[in-house]
K.L.:
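If you scroll down you'll find the structure; I have some questions about it.
Fair warning: this is a prediction, and the values are worked out from it, not measured in the lab. All values below come from the heavy atoms of this structure, side chains included, with hydrogens, waters and symmetry mates left out.
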Amino acid sequence: MASGSRASVPTDSFLTISPDKRGEKAASAVPGDTAAATTLKGTAIPVRSVVASARQVKGKAGLPAAQAEDPGEAAAAAEEEEEPLLPAPEDEVEAQPLPPVCVSRMRGMWRDEKVSLYCDEVLQDCKAEDADEVMGKYLSEKLKLKDKWLGVWKTNPNVFFVKYEEASIPFVGILVEVTCEPYEDSSSCFKVTVSVAEPFSSNIANIPRDLVDEILEELEHSVPLLEVYPVEGQDTDIHDIALALEVVRFFYDFLWRDWDDEESCKDYTALIEERINLWCDIQDGTIPGPIAQRFKKTLEKYKNKRVELIEYQSNIKEDPSAAEAVECWKKYYETVMLCGLLKMWEDLRLRVHGPFFPRILRRRKGKREFGKTITHIVAKVMTTEMIKDLSSDTLLQQHDDLDLALDNCYSGDTVIIFPGEYQAANLALLTDDIIIKGVGRREEIMITSEPSRDSFVVSKADNVKLMHLSLIQQGTVDGIVVVESGHMTLENCMLKCEGTGVCVLTGAALTITDSEITGAQVLPAPKLKMTNNHIYSNKGYGVSILQPTEQFFIVAEDALNKRAASGDKKDDKMLFKVMQNLNLEMNNNKIEANVKGDIRIVTS
C-alpha cells in the first residue's frame, strides 16, 4: 500500500489503473516464503515443470542471502537449502541476478511535502473526473526526459505460470529495455514497449529465456508502465522518471477511489490531502496498529470485490439468468458497503477517537410487557446443579449460543455463562440494562471477539454489568470495551487487549473493580497550541484536555484556576509540568470568567 514498498518489492497489490477505466485487471502479488513446484505457460514450447524460487547469492561469512529485495524472499532462500533447484536444460543459460532498482524518493518526504507534491504541483485545481487525464499528462511529460532506459518488469506470477503455490514467489522480475514512444493521448502512457535486456536477468534463476520471449510476443511487447521499475546506475533523468512512477503508483494504490469521479466533489485536492493525512497517520503510529491493519484490509477487500464485480458483469450474456442477476446484485451491494466504510474512515471528524463513532443503531427494548425478568442460562446442556442456587420462582431460558441469549434479553434480565469459549456479535450492541456474569473460574469462561468485526464490547445502556468473565480481543480495531453512553460496571474480569484498551466516551461512565487489563496500546499524547485567544464566560471549563498516556500525575485544579483573568503564567511549575507531558503550548491567551474553572486536565 505504501509507496515506499513499491520501490523494493510490490508486496501489496499491483493496481496498474482502475479496471473500469483501462480495461485492465488489478493483479495481486503474493508474498514469497517457500519454494514450490510451478507449471510454466507456453504454447510454442513444451510445458515444463520447474521449481520457481528466489535466487541466492553468497553473503557475508559465506552464508546464503536472497538477492531479491523483499524480506520474504530471504525466507524462501533459506528453505531452498533443503530443496535444491531442478537443473535447467543444458542448452539454456541461467538467468543473472537482477540489478538494484532506484530507491523511492517518496520514502523520505514529510507529510507537508507529499501534500504539496500532489495538491500544488501535480493535481493543482483539477476536478475528480479529470484526475486520470492529469496524472497521465504528468507522467508523459516526465517520460520525455529519456526515450530509452533499463528497468525491472515486476509482474504477477500468473502471467508466466499456469499453476503455482500462492506462497511460492512474490513476483516475476525480468530486466528489460524500455522504449518510450510519443503518445497520441495521455491515457496511453500507462503502457510501454519493452524487450529483454542483456545480460538476461531475473529473480528466478531457472526461468527459460525462450518462455520470456514468448510471453512478451503474446503481449506484443507492451506491458503496464507502472509495473516497470528503473534500475540504478543510469543518468539523473532516470531518477526523475522513477519518482514520477512512484507518484502515480501511490496515487492509484492509496489516494484514488473508484467513486471519486462519480460523485460531486467541490474541492478534490482537499480530499486528497485528507487521504495523505490518513496514510501518514497510519505510518507514524498516530492511528494504532490494529486499527491501521483493519483499514488496510478493508481497502484491499474493496479493491478485490470491485474487480470481482467487474469480471462477473463482463461474463454475463445479454439475457442473464435470475441466479446471475441475484449474484450480480449481491456483489454490487458488498462493494457499496465496503465503499461506505472507507468513506467513514476518510472523514477526519469520524476518526477523532480512532474511529469510535457511534455505531449502535439498535433501539432499547426496555422492560417486558408482563413486567417479569428472565435468567438466561448459556451452556451446551443445562443441569439441575447449575440452577440449584436460583430461587424457585426464577424464570429460565437455556441457550447454547451467547448471541442468541443476548438477542432475547430485555432490561432487568440476567445472562449466566458457564465455562467454555464463546463469541457474540451482540456484545457490540448493548442497549438494555442487563447483567452478564460467569459461573466458575473466570479463566475458563472465555469470550473472544470476531476478527472480521470492528467492535467487541460496546454499550449505550444506562446500567450494564459484566462479572467473572475473560474477554479476549482478536483483530477488532476499537478498544476492547467501549462505553459510548450510560454506565458500565466490570467486576472481577480479565481483559486481554489488542487495541487501545478500555475507552469511555464523553458523558459516559465506567466502574472497574477486582479486574486485570493487559496488552492495551497507548495513543500518542495530544498536541495543543493556543495563541492570542480570549476564552471567557463558558458554563463549564474554559479548556479541557485529556491525557491518554500511562503516566499518572495529579494536577491541583485550584492552582490552575487561581490564574483567572491573569492570562498565562509561565512560571507556574504545575502548569509547566502539564505542558511538558501534554505537548501543550500556550501564548498570550486570556482565560477568564469560566463557571467551573479555566483549565481542566483529565488524567487517564
Side-chain angles (χ1 to χ4, degrees), residues 1-3 6 10 12-27 104-106 109 111-144 183-192 224-228 240-280 282 295 298-300 302-307 309-310 335-336 338-340 342-348:
M1 182 180 304
S3 62
R6 282 287 193 173
D12 298 319
S13 64
F14 284 115
L15 184 60
T16 54
I17 205 69
S18 300
D20 55 335
K21 296 184 178 297
R22 307 292 180 205
E24 299 177 17
K25 176 183 175 182
S104 172
R105 285 157 58 188
M106 286 187 64
M109 285 188 181
R111 183 187 304 245
D112 292 343
E113 291 177 302
K114 283 188 175 69
V115 171
S116 177
L117 173 62
Y118 281 96
C119 299
D120 301 333
E121 182 180 336
V122 181
L123 296 173
Q124 298 180 8
D125 297 324
C126 86
K127 298 180 180 178
E129 56 265 29
D130 300 325
D132 256 353
E133 182 180 357
V134 169
M135 296 305 293
K137 287 181 177 178
Y138 164 76
L139 193 51
S140 61
E141 285 298 316
K142 296 296 182 181
L143 292 174
K144 292 177 181 178
Y183 302 105
E184 296 179 0
D185 60 81
S186 60
S187 63
S188 64
C189 71
F190 286 96
K191 286 282 190 177
V192 70
L225 175 58
L226 298 185
E227 290 185 3
V228 183
D240 291 335
I241 292 175
L243 174 60
L245 289 169
E246 281 302 311
V247 167
V248 178
R249 285 191 197 103
F250 181 64
F251 177 79
Y252 285 109
D253 278 351
F254 196 88
L255 302 181
W256 167 260
R257 302 288 184 267
D258 297 289
W259 63 78
D260 282 353
D261 58 358
E262 299 169 3
E263 301 179 356
S264 176
C265 182
K266 294 181 180 179
D267 190 348
Y268 185 56
T269 54
L271 181 60
I272 293 299
E273 182 174 354
E274 284 192 4
R275 290 174 183 165
I276 292 173
N277 284 327
L278 173 59
W279 183 82
C280 292
I282 290 173
F295 171 76
T298 304
L299 179 60
E300 193 62 30
Y302 167 80
K303 290 179 181 179
N304 293 335
K305 288 292 183 182
R306 184 171 175 85
V307 171
L309 172 63
I310 293 170
T335 304
V336 169
L338 290 168
C339 169
L342 290 171
K343 287 181 179 179
M344 289 181 180
W345 271 94
E346 291 170 5
D347 190 328
L348 292 176

K.L.:
Could you go step by step and tell me if L299 and F254 meet the side chain to side chain contact (heavy atoms under 4.5 Å, CB included) rule?
P.N.:
CA-CA 9 Å; L299 179 60; F254 196 88; 4.1 Å; yes
K.L.:
Does the plane of the ring in Y302 sit parallel, tilted or perpendicular to the ring in W259? Use 30° and 60° as the thresholds.
P.N.:
perpendicular
K.L.:
Holding to salt bridge (charged side-chain N to carboxylate O under 4.0 Å, His left out), I want the full list of residues that pass it with K127, two or more places apart in sequence or in another chain.
P.N.:
none
K.L.:
Can you tell me how far the NZ atom of K303 sits from the OG1 atom of T335, to the nearest 0.5 Å?
P.N.:
14.0 Å
K.L.:
For the residue pair F251 and Y268, categorise the inter-ring angle as parallel (less than 30°), tilted (30 to 60°) or perpendicular (more than 60°).
P.N.:
perpendicular
K.L.:
Atom OG in S116, atom CE in M109: separation rounded to 0.5 Å?
P.N.:
9.0 Å
K.L.:
I'd like to check Y252 versus D132 (side-chain heavy atoms, cut-off strictly below 4.5 Å). Are they in contact?
P.N.:
yes
K.L.:
If you take all heavy atoms of M106 and K114, which pair is closest and at what distance?
P.N.:
O-NZ, 3.2 Å
K.L.:
How many angstroms lie between CG in D240 and CG in L245, if you round to the nearest 0.5 Å?
P.N.:
11.0 Å
K.L.:
Can you find a pair of side-chain heavy atoms, one from L225 and one from L143, that are under 4.5 Å apart?
P.N.:
yes
K.L.:
Quick one: pull up SG in C119 and CD in E273 and give me the separation to the nearest 0.5 Å.
P.N.:
5.5 Å
K.L.:
Can you confirm whether Q124 sits close enough to T269 that some side-chain heavy atom of one is under 4.5 Å from a side-chain heavy atom of the other?
P.N.:
no
K.L.:
Out of curiosity, I276 CD1 to I272 CD1, how far, rounded to the nearest 0.5 Å?
P.N.:
7.0 Å
K.L.:
Would you call M135 and L139 a side-chain contact if the rule is heavy atoms closer than 4.5 Å?
P.N.:
no
K.L.:
Please lay out, stage by stage, how V336 and K305 fare under the test side chain to side chain contact (heavy atoms under 4.5 Å, CB included).
P.N.:
CA-CA 10 Å; V336 169; K305 288 292 183 182; over 6 Å; no
K.L.:
Kindly compute the distance separating CG (L243) from CG (L117), expressed to the nearest 0.5 Å.
P.N.:
6.5 Å
K.L.:
One thing to verify: whether K137 and E141 come together as a salt bridge, which I'm taking to mean a side-chain N less than 4.0 angstrom from a carboxylate O.
P.N.:
no
